[in-house]
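Basis for what follows: all heavy atoms, side chains included, without hydrogens, waters or symmetry-related copies. Atoms within a ligand are numbered from 1 in the order they appear, just like the ligands themselves. Keep in mind it's a predicted model, so treat the numbers as computed, not measured.
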Amino acid sequence: MRIVLVGPPGAGKGTQAAFLAKNLSIPHISTGDLFRANITSGTDLGKQAKAYMDAGNLVPDEVTIGMAEDRLDQADAAEGFLLDGFPRNEFQARALDAYLTSHGIALDGVLDLEVPEDEVVKRIAGRRICRNNSAHVFHIDYKQPKTEGVCDECGGELYQRVDDTEATVRNRIEVYHRETEPIIDYYKRQDLVVTISALGPVADVTRRAMEALEDRRDEDGEGAA
Ligand code: AMP
């Protein structure tokens, strides 16, 4: 399946994407993770992206789209992928459509994770992430690690993302409303959107997401038959 995941910062996109990608045997492609990897390894692309990311603003489209397409070109994405954090505005959505059309493929669904706004700030400001694996996510109140600052899963160091502080989170939410929310309507016009609640235990959200995607796959299958 070819899926796009959307939702405000703090909806749990990264966590859900990791589980869904595993269940569906498709690669999890996160542009945020790709940027962070570039920053860590000190590439030019990382240097270009860093200031935008630290402030919670979008990295310019020309940098982002090229990076996303390079990743989609890799062999493991040939049969399907789960895009997390891309596209993030209508220009990127149109660029992705053009890319897919030129490859003779199309999206199967857009999964929209819904979460109330006041929950978002609480979730993000307390979030701590493992340096080894961004899918290992903890929270200072909701999901404390057994040992403070240490990942339960792999022993990695837990840290707070520079862009997870309260002021930056508020800007990221504003950017989400202004730039990213309109792509939900864009994809609704293509009849691709399934919306689920991102509240409750992680496993419940994953189950809801899997059911919604399987329903979509069945509908597509019938449509094609
Ligand atoms: P994320 O890990 O998805 O929350 O992304 C972290 C940051 O990376 C965002 O706040 C942006 O600065 C940047 N970023 C990630 N994906 C994109 C994108 N598709 N377009 C522009 N900037 C992005």
Side-chain angles (χ1 to χ4, degrees), residues 3-18 20-21 27-41 43-72 77 81-100 107 110-113 115 119-121 123-139 158-184 186-187 198:
I3 302 163
V4 165
L5 195 58
V6 288
K13 287 193 300 296
T15 306
Q16 289 304 328
L20 293 171
H28 166 203
I29 301 181
S30 154
T31 40
D33 282 352
L34 292 173
F35 282 132
R36 281 184 287 277
N38 274 280
I39 290 174
T40 304
S41 50
T43 66
D44 281 348
L45 197 149
K47 284 177 193 141
Q48 285 180 60
K50 188 171 187 323
Y52 296 98
M53 291 180 74
D54 287 355
N57 292 320
L58 295 189
V59 178
D61 289 334
E62 56 274 22
V63 179
T64 306
I65 292 167
M67 179 183 75
E69 290 185 353
D70 283 350
R71 180 63 188 84
L72 287 171
F81 50 76
L82 196 157
L83 278 171
D84 158 17
F86 181 86
R88 247 182 166 92
N89 62 26
E90 198 168 319
F91 188 81
Q92 293 180 9
R94 288 181 189 282
L96 176 63
D97 272 351
Y99 173 92
L100 297 173
L107 292 176
V110 173
L111 185 67
D112 170 28
L113 294 183
V115 61
E119 180 69 17
V120 159
V121 177
R123 281 189 182 194
I124 301 196
R127 178 161 77 171
R128 299 292 181 271
I129 293 169
C130 176
R131 285 216 189 269
N132 294 341
N133 184 335
S134 65
H136 299 166
V137 183
F138 297 82
H139 192 283
L158 299 181
Y159 77 109
Q160 180 177 35
R161 275 171 44 174
V162 189
D163 57 346
D164 272 356
T165 55
E166 191 163 335
T168 311
V169 169
R170 294 207 179 275
N171 186 42
R172 285 165 62 201
I173 293 169
E174 249 183 71
V175 169
Y176 177 77
H177 287 313
R178 195 177 60 235
E179 304 274 343
T180 309
E181 243 170 16
I183 71 171
I184 298 176
Y186 172 85
Y187 284 130

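Atoms of ligand 1 lying under 4.0 Å from at least one heavy atom of T64, given by number and element, are 18 (C), 19 (N), 20 (N), 21 (C). Within the listing of ligand 1, atoms 4 (O) sit less than 4.0 angstrom from a heavy atom of R172. Ligand 1 places these atoms under 4.0 Å from at least one heavy atom of R36: 2 (O), 6 (C). Atoms of ligand 1 lying under 4.0 Å from at least one heavy atom of G85, given by number and element, are 16 (N), 17 (C), 18 (C), 19 (N).
Panel note: side chain R88, backbone L58; no donor-acceptor pair is recorded below 3.5 Å.
Counting heavy-atom neighbours within 6.0 Å of Y99 OH, excluding the residue itself, gives a total above 12.
Residue V59 touches ligand 1 through backbone and side chain together, judged by heavy-atom distances below 4.0 Å. Only backbone heavy atoms of N57 (N, CA, C or O) come within less than 4.0 Å of ligand 1; its side chain stays farther off. Counting heavy atoms closer than 4.0 Å to ligand 1, residue R161 contributes side-chain atoms (C-beta onward) but none from N, CA, C or O.
At a 3.5 angstrom cut-off on N or O pairs, S30 does not count as close to ligand 1.
I65 places a side-chain heavy atom less than 4.5 Å from the side chain of F86.
When only non-hydrogen protein atoms are considered, atom 8 (O) of ligand 1 lies nearest to M53 CE, 3.3 Å. Ranking protein heavy atoms by distance to atom 16 (N) of ligand 1, first place goes to T31 OG1, 2.8 Å. Remark: minimum distance from atom 23 (C) of ligand 1 to any protein heavy atom is reached at F35 CE1, 3.7 Å.
For atom 5 (O) of ligand 1, the choice among E179, K13, R88, Q92 with the nearest heavy atom turns out to be R88.
Between R170 and E174 there is no salt bridge, since no side-chain N of the basic residue sits under 4.0 Å from a carboxylate O of the acidic one. One finds no salt bridge joining R94 and D97 here, because no Lys/Arg side-chain nitrogen approaches an Asp/Glu carboxylate oxygen to under 4.0 Å. At a threshold of 4.0 Å, the pair R172-D164 counts as salt-bridged, since one of the basic side-chain nitrogens sits closer than that to a carboxylate oxygen.
One distance of note links CG of N171 with CZ of R178; it measures 7.0 Å at 0.5 Å rounding. Here the straight-line distance linking atom CG of D112 with atom CD1 of I184 works out to 4.0 Å at 0.5 Å rounding.
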